[in-house]
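Each remark here refers to the structure printed beneath this line.
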Amino acid sequence: MLTGMRIVLTGGAGYIATHVAVELCAMGHDPILVDDLSNSCRTAVSRVETIVGRPLPFIELDVRDTEGLNAVFARHTPEAVIHFAGLKAVGESVAQPVRYYDTNINSTLSLLSAMASAGVRKLIFSSSATVYGDPEALPLTEESRVGVGITNPYGWTKFMIEQILRDTAQADPTWEISLLRYFNPVGAHESGLIGEDPTGIPNNLMPFVAQVATGRRDHVNVFGDDYDTADGTGVRDYIHVTDLACGHVAALEHLRPGVSTHNLGTGHGTSVLELIHAFEQACGAPIPYQVAPRRPGDLASLYCSPTRARADLGWVATKTVLDACRDSWRWQSGNPHGYADAQLA
Ligand code: UFG
């Protein structure tokens, strides 16, 4: 088993990266967090430091600043990078396509340039189930068709970045690249110190439900109850963020020359109503909801086969949706306004 690797995490103060940083430290690795704080805050990094019990290097930097990245590589001499940085709101990407292509694609190109200059060729990329577009069949395997039916620029950036990384490894086979396709990350670290802290009105179901549970919003809008699913509401593969984080550690330990692709999900679908009911159980109170029209671009059902990740990485998700709801509730009830509570304190 590898230990003591220095690993740059771009987007290092974000929801998923902070949880990955905790699991990397637990396995004896040394994360170096790089983030421009455009959709995150320094408090999240301090909270990670509290959990792991030591200070971590943090550099405030936009990853498109290649000179700045070169300096980070020169100073910290990392052996690998996990690339989380990027914009991720589906609806916003439709309204602001150029901003999304600029941020997500150019940050990746800048990172590849800085890595090549520094001779660092181990890279894990935060990809997404969105690359599968409109699925032909479920469960989704890594062999499933990609690209057909992607409905928004955010999804296209993930698809394009995967292609850029495959081309990079094709041109120079010494690159070791892992594409991790996340399904629906939810939950929070069990300490309740770090979690998802969306700016403004949450786009995603779980943070919205959590904010209804604390009374910050009055009810959940259930986007459609007439899908072809058991209860008519949308079905997704919700994966606990700590399981997801452990998937990154496993991928790091199994990096090999070339490109590998893995789904990170549980393989189980959960409906919107099932998730709301699980959250009610976790917080011990009813969660008011109302059925609303379908959200444009949404699919009825999406879940993966996690078989390849189990076979190649020895990784499997172990936590349930109820575990995720309990951890999300601990985080949200302790920090009703997210990290802003700590900044005001
Ligand atoms: N939903 C509601 N009410 C809400 C929010 C969501 O009913 O307020 C429903 C959606 O219709 C869907 C389910 O809850 O059926 C999950 O929706 P999310 O917005 O939480 O997640 P999505 O599956 O739409 O999208 C997520 C990520 C994307 C990623 C995609 C990959 O947000 O970044 O998974 O499949 F691309």
Side-chain angles (χ1 to χ4, degrees), residues 11 14-16 39 84 86-94 100 104 125-135 138-140 144 146-147 149-162 179-187 196 198-213 216-241 244 263-279 287-304 321 324-325 328:
Y15 171 44
I16 296 173
N39 190 29
F84 299 98
L87 299 172
K88 60 173 186 177
V90 171
E92 186 180 69
S93 80
V94 175
Y100 269 67
N104 293 5
F125 173 58
S126 287
S127 190
S128 165
T130 196
V131 300
Y132 293 114
D134 196 355
L138 295 174
L140 287 157
S144 297
V146 292
I150 295 176
T151 52
N152 58 81
Y154 158 77
W156 283 117
T157 66
K158 294 292 179 189
F159 177 86
M160 290 174 187
I161 294 167
E162 283 200 357
L179 309 176
L180 299 180
R181 294 177 176 161
Y182 309 159
F183 280 69
N184 288 60
V186 289
E196 190 169 10
T199 315
I201 302 171
N203 296 302
N204 297 117
L205 179 62
M206 182 73 126
F208 202 103
V209 170
Q211 292 191 7
V212 172
R216 186 167 162 191
R217 308 198 181 272
D218 350 307
H219 67 275
V220 181
N221 287 306
V222 174
F223 296 145
D225 68 350
D226 57 353
Y227 284 107
D228 184 15
T229 60
D231 65 18
T233 66
V235 166
R236 295 291 183 275
D237 187 338
Y238 295 97
I239 174 167
H240 194 295
V241 65
L244 188 76
N263 287 336
L264 294 184
T266 66
H268 302 291
T270 301
S271 74
V272 174
L273 291 181
E274 285 170 337
L275 188 139
I276 290 174
H277 295 319
F279 211 102
I287 306 278
Y289 67 84
Q290 284 175 12
V291 175
R294 290 182 180 195
R295 186 170 62 178
D298 273 355
L299 298 163
S301 214
L302 214 57
Y303 53 90
C304 78
V321 165
C325 291
S328 177

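Atoms within a ligand are numbered from 1 in the order they appear, just like the ligands themselves.
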Identify all side-chain donor-acceptor contacts of residues 201-213 below 3.5 Å with residues at least two apart in sequence or on another chain.
| from | atom 1 | to | atom 2 | distance (Å) |
| --- | --- | --- | --- | --- |
| Q211 | OE1 | R217 | NE | 2.6 |
| Q211 | OE1 | R217 | NH2 | 3.1 |

Using a threshold of 4.0 angstrom between heavy atoms of the protein and any atom of ligand 1, which residues qualify?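 Within 4.0 Å of ligand 1, protein side: S128, A129, T130, Y154, N184, N203, N204, L205, N221, V222, F223, G234, R236, Y238, V272, R295, D298, L302.
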
If the condition is side chain to side chain donor-acceptor pair (under 3.5 Å), which residues does R216 pass it with, not counting sequence neighbours?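 R216: no side chain to side chain donor-acceptor pair (under 3.5 Å) contacts found.
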
Hey, is the main chain of D226 close enough, under 3.5 Å, to the side chain of R294 for a donor-acceptor pair?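 Yes; at least one donor-acceptor contact below 3.5 Å.
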
Go through the side-chain N and O atoms of Y182 and S126 and say whether any donor and acceptor fall under 3.5 Å apart.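 Yes - a donor-acceptor pair under 3.5 Å links their side chains.
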
Within the 3.5 Å criterion, strictly below it, is a donor on E92 or Y100 matched to an acceptor on the partner's side chain?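 A donor-acceptor contact under 3.5 Å links the two side chains.
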
Pairwise salt bridge (Lys or Arg N to Asp or Glu O under 4.0 Å) hits with a residue in residues 149-162, at least two apart: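 Qualifying pairs, neighbours excluded: E162-R166, E162-R181.
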
